[in-house]
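A short write-up of the structure that comes next.
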Amino acid sequence: MKSKVYFIATETAEEIESVENKLKILIKQSQLLAKKIPRNEVVAVKLHFGEEKNTGFVKPQYVKVILAAINSIPAKPFLTDSNTLYKGKRSNSKEHLQLAKEHGFSQDLMKVAVRIVDEAESDAIVEVDINEEFIKTAQIIKPIAQADALVGIAHFKGHLMTGFGGALKNIGMGAASRRGKMQQHASVSPIILKEKCSGCADCIVVCPVTAISLKKGKATIRGEKCIGCARCINACGNSSIDIPWEQGAKEISQKMAEYAKAALMNKKSKCVFFNFAIKITKECDCIACGDPAECPDLGIFVSSDPVAIDKACVDLVNKKVGRDLFRELHPKRDWSVQLLHAEKIGIGTLDYELIKV
């Protein structure tokens, strides 16, 4: 049976107020929030608050529209995200919350609680048994694991490790604890292409765990220390750092899908996913800069199926530009892996009906 994916088009650089109005129309026409989110239940609204200096994250004005619609059910939404593996303002709850506030996601402006758990607390993480191929027990942050329902709000864009990032990545990687993120990244330590390395040490500067050093004028990565954050790959101006894809790097996409299943456990029928295909960048919102858009804006998608909505986004992007954009941006990454594995383990379906609003 085909999953329904609703879509409303936006124009590149369209005024925020205009996009807000279109989002309200999409919510009203699709009726997904009203149908899927039970009255008076607690709703985790999962989004990426954006790294410092990043400009691609979903604008707080749009998030407010979605929160207002959830409140009107009435239900009890709160905003949440998890902390990062790499060092920075999003690696600890205090600075992460402050950064969220600086980006417009304060409790005062959003009119709901903003919860980012301190993983040092004994009850911050919930273990979820899924017994899948790669992940047997997932480590999910408590706000998402214990919520009654979930609404995912994702910026649809490219991604260095998985080809693209959308609804699945927002909940798969985004709902995982730091230990859970490490579990997903465990098999993807980068390698140095010695013939290209100039010994500039830019990779050493950005490595958050001092896993890189210079030996005989060339960078060397200690795999046992690497956390797979891929900052070194982005920093290298000589393209001398890569992932040995054929040696198991595709597993990160499969593990991520399995983590998404864990995050949705016991609430799969009470979930709604929004993908904002606006300012579609090459890399994710963890990159601390305003990446240029790689194709014209498409618009906003909503579905109760995270697999179908991501597939619809990929298809419309490729149709818009007339080629496989994410394979072109990340030629050694197979973006279809996450979708195929997610369908295989029962999260959703690749077969969808696109309903244009």
Side-chain angles (χ1 to χ4, degrees), residues 48 50-57 83-91 155-165 169 173-174 178 181-253 255-256 279-295 323-335 337-338:
H48 191 309
E51 190 54 80
E52 187 177 22
K53 299 180 182 178
N54 180 268
T55 61
F57 59 89
N83 290 324
T84 61
L85 271 178
Y86 59 82
K87 292 181 181 178
K89 288 191 173 181
R90 295 178 59 244
S91 65
H155 171 214
F156 188 79
K157 68 281 177 186
H159 193 274
L160 185 66
M161 302 299 292
T162 58
F164 77 86
K169 188 173 188 302
M173 193 65 70
R178 288 168 61 88
K181 289 179 172 67
M182 177 71 84
Q183 193 176 18
Q184 293 177 64
H185 284 87
S187 61
V188 290
S189 175
I191 57 173
I192 303 293
L193 306 177
K194 299 293 185 181
E195 67 278 7
K196 291 186 177 183
C197 179
S198 67
C200 68
D202 286 349
C203 56
I204 295 175
V205 173
V206 301
C207 181
V209 291
T210 62
I212 311 176
S213 60
L214 286 181
K215 291 185 178 180
K216 296 182 179 181
K218 302 287 185 179
T220 299
I221 298 176
R222 294 176 59 187
E224 71 276 10
K225 290 192 69 176
C226 176
I227 61 172
C229 69
R231 282 191 164 192
C232 57
I233 298 175
N234 189 63
C236 182
N238 299 314
S239 299
S240 65
I241 309 178
D242 201 2
I243 295 296
W245 187 255
E246 69 283 356
Q247 296 178 21
K250 78 173 187 178
E251 288 181 9
I252 189 173
S253 292
K255 291 177 180 178
M256 186 179 73
K279 197 175 188 287
I280 302 166
T281 54
K282 180 180 179 181
E283 304 296 355
C284 75
D285 298 342
C286 293
I287 302 300
C289 65
D291 277 356
E294 296 292 341
C295 80
R323 61 190 188 279
D324 191 335
L325 179 64
F326 299 115
R327 204 171 299 276
E328 178 183 284
L329 293 174
H330 302 288
K332 295 185 179 180
R333 320 296 178 235
D334 185 350
W335 56 258
V337 170
Q338 58 178 296

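Just so you know, these numbers use all the heavy atoms, side chains as well, and skip hydrogens, waters and symmetry mates.
Using modelled atom types and a 3.5 Å distance limit, the side chains of K89 and T84 yield no donor-acceptor pair.
Taking every heavy atom of both residues into account, C226 and P190 meet most closely at SG-CD, 3.4 Å. Closest approach of A235 and V206 over heavy atoms only: CB-CG2, 3.7 Å. Nearest approach of E294 to T281, heavy atoms of both residues: CG-C, 4.0 Å. Closest heavy-atom contact between C203 and I241: CB-CD1, 3.7 Å. Nearest approach of I191 to I221, heavy atoms of both residues: N-CD1, 4.3 Å. Scanning both residues, G199 and L214, for their nearest heavy atoms gives O-CD1, 3.9 Å.
Between the R178 side chain and the N83 main chain, no donor and acceptor come within less than 3.5 Å of each other. Remark: the backbone N or O of A219 is paired with a side-chain donor or acceptor of K194 at under 3.5 angstrom. No donor-acceptor pair closer than 3.5 Å links the side chain of K282 to the backbone N or O of D291.
Evaluation of the side chain to side chain donor-acceptor pair (under 3.5 Å) rule for D324 yields R327, W335 as partners, not counting sequence neighbours. Here K216 pairs with nothing under the side-chain contact (heavy atoms from CB on, under 4.5 Å) rule; sequence neighbours left out. Considering only residues two or more places apart in sequence or on other chains, D202 meets the side chain to side chain donor-acceptor pair (under 3.5 Å) condition with none of them.
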Test side-chain contact (heavy atoms from CB on, under 4.5 Å) on M173 and K181 and set out the steps. CA-CA 6 Å; M173 193 65 70; K181 289 179 172 67; 3.8 Å; yes
For T162 and M256: C-alpha separation, side-chain torsions, deciding distance, then whether side-chain contact (heavy atoms from CB on, under 4.5 Å) applies. CA-CA 9 Å; T162 58; M256 186 179 73; 4.1 Å; yes
Worked check of side-chain contact (heavy atoms from CB on, under 4.5 Å) between C284 and E51: CA-CA 9 Å; C284 75; E51 190 54 80; over 6 Å; no
Going through the distances and angles, do S240 and K218 end up as a side-chain contact (heavy atoms from CB on, under 4.5 Å)? CA-CA 10 Å; S240 65; K218 302 287 185 179; over 6 Å; no
Start with the C-alpha distance between H155 and D285, add both sets of side-chain angles, then the distance that settles side chain to side chain donor-acceptor pair (under 3.5 Å), and finish with yes or no. CA-CA 8 Å; H155 171 214; D285 298 342; 2.9 Å; yes
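Looking at heavy atoms from C-beta onward, H48 lies out of side-chain contact with N54 at the 4.5 angstrom threshold.
When H159, Q338, R333, K169 are each tested for a side chain to side chain contact (heavy atoms under 4.5 Å, CB included) with S253, only one passes: Q338. Just one of M161, E251, K255 meets the side chain to side chain contact (heavy atoms under 4.5 Å, CB included) condition when paired with Q184; it is K255.
Between F326 and F164, the ring planes lie tilted relative to each other; the angle falls in the 30° to 60° range.
One finds the CD atom of E283 at 10.5 Å from the NZ atom of K157 (value rounded to the nearest 0.5 Å).
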